[in-house]
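Written out below as structure tokens is the structure these notes cover.
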Amino acid sequence: MHVNGSCHCGRICYEADVDPALVSACHCTDCQVLSGSAYRVSVRAPAATFKLTSGTPKTYVKTADSGNRRVHAFCADCGAPVYACALADPPFYSLRVGGLQQRAQLPPRQQIWCRSAVPWSANLGVVAQQERQ
Ligand SMILES: [Zn+2]
Ligand SMILES: [Zn+2]
């Protein structure tokens with residue numbers, strides 16, 4: 001699936017080709033803190049297909065408990081997360097699904113790091129719903 005996305009303020013735009021089977025929801029504590037949410041939904045895009053069409057994201061290098069280091073790219077103006085990737089020669093970019101225009105067609109196919117999932121994230125279907133705020 002060809003996808004395109006942008007940050008909230010629109011300074012950073014990008015496009016890529018993704019396999020919808022590779023969408024995952026990550027419940028690790030790093031994703032919770034870095035996304036400001038209960039979990040983060042991402043999809044892998046092969047590096048050869050990923051293209052920044054406007055702007056240059058700011059990057060933050062995160063060191064995981066394992067010692068593994070990853071680049072996290074985000075808009076320096078609006079703060080929206082754009083992607084994460086390996087430090088050198090990334091084989092793929094992990095795109096943040098919320099920034100993609102096609103996000104409604106990209107439901108997660110797997111959940112990872114469930115051991116640190118916040119318990120209420122498993123069933124939002126039971127929470128009262130309103131069309132708008
Ligand atoms: Zn922005
Ligand atoms: Zn994570």
Side-chain angles (χ1 to χ4, degrees):
M1 180 191 290
H2 188 72
V3 296
N4 57 299
S6 66
C7 67
H8 191 265
C9 76
R11 290 203 169 92
I12 295 172
C13 300
Y14 47 98
E15 57 184 47
D17 293 318
V18 303
D19 178 352
L22 298 181
V23 181
S24 64
C26 182
H27 296 274
C28 83
T29 53
D30 284 345
C31 280
Q32 289 167 353
V33 172
L34 284 163
S35 71
S37 190
Y39 55 88
R40 168 141 61 189
V41 183
S42 303
V43 63
R44 287 183 172 195
T49 74
F50 177 71
K51 202 166 39 183
L52 273 168
T53 53
S54 131
T56 304
K58 184 170 171 58
T59 58
Y60 167 69
V61 176
K62 185 201 86 169
T63 304
D65 288 344
S66 62
N68 191 27
R69 298 171 79 207
R70 276 176 77 72
V71 172
H72 285 249
F74 59 96
C75 176
D77 292 303
C78 71
V82 176
Y83 64 80
C85 67
L87 218 46
D89 288 330
F92 60 84
Y93 288 80
S94 187
L95 304 181
R96 302 342 194 168
V97 168
L100 302 176
Q101 283 183 19
Q102 295 78 11
R103 57 188 172 269
Q105 287 83 52
L106 293 167
R109 301 289 184 88
Q110 62 167 344
Q111 301 184 70
I112 57 176
W113 288 100
C114 292
R115 73 176 189 191
S116 50
V118 291
W120 50 261
S121 68
N123 191 9
L124 285 176
V126 301
V127 180
Q129 299 185 28
Q130 303 186 41
E131 281 293 317
R132 307 189 70 139
Q133 66 176 6

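As the structure lists them, so they are numbered: ligands from 1, and atoms in each ligand from 1. Computed from a prediction, not measured in an experiment: that's the story for all the values here. The first residue in the sequence is number 1, and the count goes up from there.
Atom CZ of R70 sits in a crowded spot, with more than 12 heavy atoms from other residues, nucleotides or ligands closer than 6.0 Å.
In this structure, the side chains of L22 and R109 stay at 4.5 Å or more apart for every pair of heavy atoms. In this structure, the side chains of Y39 and S121 come closer than 4.5 Å at one or more pairs of heavy atoms.
Rounding to 10°, one obtains 110° for the angle at the Zn ion (ligand 1) between SG (C75) and SG (C78). Angle subtended at the Zn ion (ligand 2) by C26 SG and C31 SG: 120°, rounded to 10 degrees. For the pair SG of C7 and SG of C9, the angle at the Zn ion (ligand 1) is about 110°; rounding is to 10 degrees.
Among the backbone and side-chain atoms of C28, an N, O or S atom lies under 2.8 Å from the Zn ion (ligand 2). Taking 2.8 Å as the threshold, H8 does not count as a candidate ligand of the Zn ion (ligand 1), since none of its N, O or S atoms lies below it.
Look at D30 and K62 and you find a salt bridge, because one of the NZ, NE, NH1 or NH2 atoms lies within 4.0 Å of a carboxylate O, short of that distance.
If you look at Y93 and Y14, their ring centroids are not closer than 6.0 Å.
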